[in-house]
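Worksheet: the structure to be examined is printed underneath.
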Protein chains: 2
Amino acid sequence: MDKYVKILKNNHIKITPQRLVVLEYLDKNCTHPTADEIYSYLKKKNPSLSKTTVYNALETLSKHRIIQSLTISGSELRYDIDHGMHHHFYCKICGNVIDIELKCPNIEKMKQFGHKIDEIHGYIKGICKNCLKREG
Amino acid sequence: MDKYVKILKNNHIKITPQRLVVLEYLDKNCTHPTADEIYSYLKKKNPSLSKTTVYNALETLSKHRIIQSLTISGSELRYDIDHGMHHHFYCKICGNVIDIELKCPNIEKMKQFGHKIDEIHGYIKGICKNCLKREG
DNA sequence: TACTAAATTGTAATCATTACAATTTAACAC
DNA sequence: GTGTTAAATTGTAATGATTACAATTTAGTA
Ligand SMILES: [Mn+2]
Ligand SMILES: [Mn+2]
Ligand SMILES: [Zn+2]
Ligand SMILES: [Zn+2]
């Protein structure tokens, strides 16, 4: 059975071609794309695709924790099929979002505050290696 | 000399009454307010205040690192006069943003990636203690 | 194959933020 | 204190991401 069909089936989500292509796109493009980037790319081969559907699919996949959304850029959400806890770097020059593989040793300590914790995000912002080289 | 005047002077920022009241508001309201919350409150006693000016003031203060902006909610920026590194909790029910006083032991490790680091944000999302109690 | 709740689609609305041009003003020199 | 000027403020319009909504289509099931 197709990998993406299986993911949706396991989560009791209706299987639609639109959800499958969004999921496939995120699986093959781990660049933390925006809804618009996903839509613009998929629209080429799926001319009937609606941007609302992309938003709906991303919402559904997020709700089921199949993907996670990032608020790192401030002006738009970005999506990540890697829903495990990892940190992110945002480059203020090129706008790229890069994975930062660091374990957060504070997770246990956070429980002491008495809040119910659903998500933990580590956002680092600055200028990426490449832009540093290019800009000098 | 007035506390807020001194802050602007030290940063070589022109002293305007608008910047002073925004700064004072953030100093006395450490609730991580939005631009609109700041504007709506200050507008009452400063009827000529423009929302654009609030945005401009927040931008200027952020650029000079007098305040920091948070992208934790995803749909709007929030502002914090405490520009030191500390973490934040966002309650999905009441929308409150709460300080989480935790040191991040990863800061040193982040330098190894070769990027220039300007900001580090730790965002925790879930349901706050109070809402847990109320909602049951 | 027929039924139905849910998903998709296209359009319009919303909301935070930014752009811009006209007016006002803070800082500085005299 | 007065005059000068670059910068700040103001109000309005534009932008851009996201959401609301109603009509149409479709996935899952019997
Ligand atoms: Mn990632
Ligand atoms: Mn804070
Ligand atoms: Zn870069
Ligand atoms: Zn709460």
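Separation of the A/Tyr123 and B/Tyr123 ring centroids falls under the 6.0 Å cut-off.
For the OP1/OP2 pair of C/dT9 and a distance below 4.0 Å, the side-chain nitrogens and oxygens of A/Ser48 include at least one atom meeting the criterion. Checking the phosphate oxygens (OP1, OP2) of D/dT9, a side-chain nitrogen or oxygen of B/Thr16 falls inside 4.0 Å. Within the structure, every side-chain polar atom (N or O) of B/Gln18 is placed at least 4.0 Å from both OP1 and OP2 of C/dT25. Within the 4.0 Å cut-off from OP1 or OP2 of C/dT18, not a single side-chain nitrogen or oxygen of B/Thr52 is found.
Note: A/His32 and A/His88 have perpendicular aromatic rings, judged against thresholds of 30 and 60 degrees for the angle between ring planes.
By the 6.0 Å contact criterion, NZ on A/Lys103 is open, its count of non-hydrogen atoms from other residues, nucleotides or ligands being 12 or less.
For the pair B/Ser75 and B/Ile15, both in contact range of DNA chain C, the more 5′-proximal nearest nucleotide belongs to B/Ser75. Remark on DNA chain C: of its neighbouring residues A/Thr60 and B/Leu77, the 5'-side contact belongs to A/Thr60, judged by nearest-heavy-atom nucleotide.
For the pair A/Leu70 CG and D/dA17 P, the interatomic distance rounds to 17 Å; values are reported in whole Å.
Nucleic acid contact class of B/Asp36 (heavy atoms, under 4.0 Å, all strands): none.
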Between A/Asp99 and A/His86, is the side-chain hydrogen bond (donor to acceptor under 3.5 Å, both in side chains) condition met? List the steps.
CA-CA 7 Å; A/Asp99 286 326; A/His86 59 291; 3.0 Å; yes
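Side-chain proximity of A/Ser50 to the nucleotides D/dT10, C/dT9, C/dA7 is greatest for C/dT9.
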